[in-house]
Amino acid sequence: MHSFGYRANALLTFSFTILALMCAIASLTDNFNSPSPTANVQILNVNRFQKKSTGDDEVAITIDISADLQSLFTWNTKQVFVFLAAEYSTPKNSLNQVSLWDGIIPAKEDAKFSIKTKNKYRFIDQGSNLRGRDFNMTLHWHVMPKTGKMFADKLVLPGFRLPESYR
Ligand SMILES: *[C@@H]1O[C@H](CO)[C@@H](O)[C@H](O)[C@H]1NC(C)=O
């Protein structure tokens with residue numbers, strides 16, 4: 001004695017349950033993928049290195065970023081947001097993080113790349129701390145899945161150093 005409405009509703013609920021289950025399995029199997037991205041960054045040139053009138057240091061560099069992030073892509077990956085940051089410590093702050101470049105990788109085919117670029121965002125220190133400063137380049141990524149939780153990770157590329165004097 002079930003009405004049409006009841007049947008339609010039951011069918012809808014059933015379909016929705018299947019869909020939810022498929023999404024859960026999708027994000028679950030995705031977790032089994034253990035990505036192994038690689039990256040290499042080189043400073044090709046220090047184009048400008050100055051103390052500004054505000055007293056803050058600013059450096060402009062040309063960098064070569066090579067990376068292979070293809071292993072981050074699974075069939076459940078929508079896109080990957082990636083950014084390169086310079087990380088260093090000063091007497092005042094144990095961690096200073098300056099974003100230098102970023103990009104969105106829409107597909108696996110684009111995840112292996114090599115680009116030469118000037119820093120897209122300004123590399124400014126709030127103070128006069130950049131001369132002879134040791135720093136790390138870190139490549140961060142945020143993986144946006146089609147379904148499931150976003151996840152983020154990074155690669156630390158240590159051993160960079162800024163010049164001793166302004167130029
Ligand atoms: C730079 O990387 C090295 C090695 O991973 C680490 O020991 C150090 O703390 C890092 N420096 C900063 C400022 O994050």
Side-chain angles (χ1 to χ4, degrees), residues 27-146 148-167:
S27 50
L28 204 69
T29 55
D30 210 32
N31 289 341
F32 291 119
N33 176 50
S34 57
S36 51
T38 57
N40 185 37
V41 174
Q42 274 182 296
I43 296 181
L44 299 178
N45 194 45
V46 177
N47 305 320
R48 205 174 61 244
F49 189 17
Q50 282 166 354
K51 184 171 179 160
K52 309 196 311 154
S53 55
T54 53
D56 296 340
D57 277 352
E58 176 166 13
V59 63
I61 53 180
T62 301
I63 44 183
D64 186 318
I65 309 165
S66 308
D68 184 350
L69 306 180
Q70 285 186 317
S71 62
L72 293 176
F73 281 80
T74 67
W75 59 275
N76 190 32
T77 307
K78 194 167 166 209
Q79 60 181 24
V80 173
F81 171 71
V82 60
F83 73 95
L84 182 75
E87 295 184 357
Y88 59 97
S89 56
T90 52
K92 237 174 157 180
N93 298 306
S94 61
L95 178 64
N96 300 272
Q97 191 188 60
V98 184
S99 180
L100 300 179
W101 173 88
D102 63 12
I104 288 172
I105 306 171
K108 187 173 185 170
E109 300 82 72
D110 309 306
K112 191 174 179 180
F113 60 90
S114 178
I115 55 160
K116 288 178 181 43
T117 177
K118 290 178 180 169
N119 51 297
K120 186 170 163 186
Y121 305 108
R122 296 174 77 179
F123 190 168
I124 296 175
D125 177 70
Q126 311 280 309
S128 186
N129 302 298
L130 292 187
R131 278 169 301 168
R133 179 65 54 198
D134 290 310
F135 68 103
N136 294 339
M137 290 285 196
T138 50
L139 191 72
H140 298 251
W141 57 82
H142 293 240
V143 178
M144 291 155 208
K146 287 174 183 154
K149 277 204 298 270
M150 189 178 91
F151 78 94
D153 205 350
K154 66 176 178 182
L155 267 178
V156 179
L157 309 162
F160 290 85
R161 190 185 182 87
L162 288 168
E164 299 287 342
S165 53
Y166 300 123
R167 55 179 71 171

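What's counted below: heavy atoms across the whole structure, side chains too, no hydrogens, waters or symmetry copies. Counting begins at 1 with the first residue of the sequence. Just so you know, ligand 1 is whichever comes first in the structure, and atom 1 is the first atom listed for that ligand.
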Pick from D125, N96, N93: which one makes a side chain to side chain donor-acceptor pair (under 3.5 Å) with Y88? D125
Can Q97 and E87 be counted as having a side-chain donor-acceptor contact under 3.5 angstrom? yes
For K120 and D102, indicate whether the former's side chain and the latter's backbone hold a donor-acceptor pair under 3.5 Å. yes
For the side chain of S71 and the backbone of S36, is there at least one donor-acceptor N/O pair under 3.5 Å apart? yes
One line per pair, note the atom names and distance for all nitrogen or oxygen contacts under 3.5 Å between ligand 1 and the protein.
residue, atom, partner, partner atom, Å
ligand 1, 2 (O), N136, OD1, 3.4
ligand 1, 2 (O), N136, ND2, 2.3
ligand 1, 11 (N), N136, ND2, 2.9

In terms of ring plane angle, is the pair F135 and F123 parallel, tilted or perpendicular, where the classes change at 30° and 60°? perpendicular
Would you list the atom pairs, donor with acceptor, under 3.5 Å between side chains in residues 152-162 and any protein atom, with sequence neighbours excluded?
residue, atom, partner, partner atom, Å
R161, NH1, D134, OD1, 2.8
R161, NH1, D134, OD2, 3.2
R161, NH2, E164, OE2, 3.1

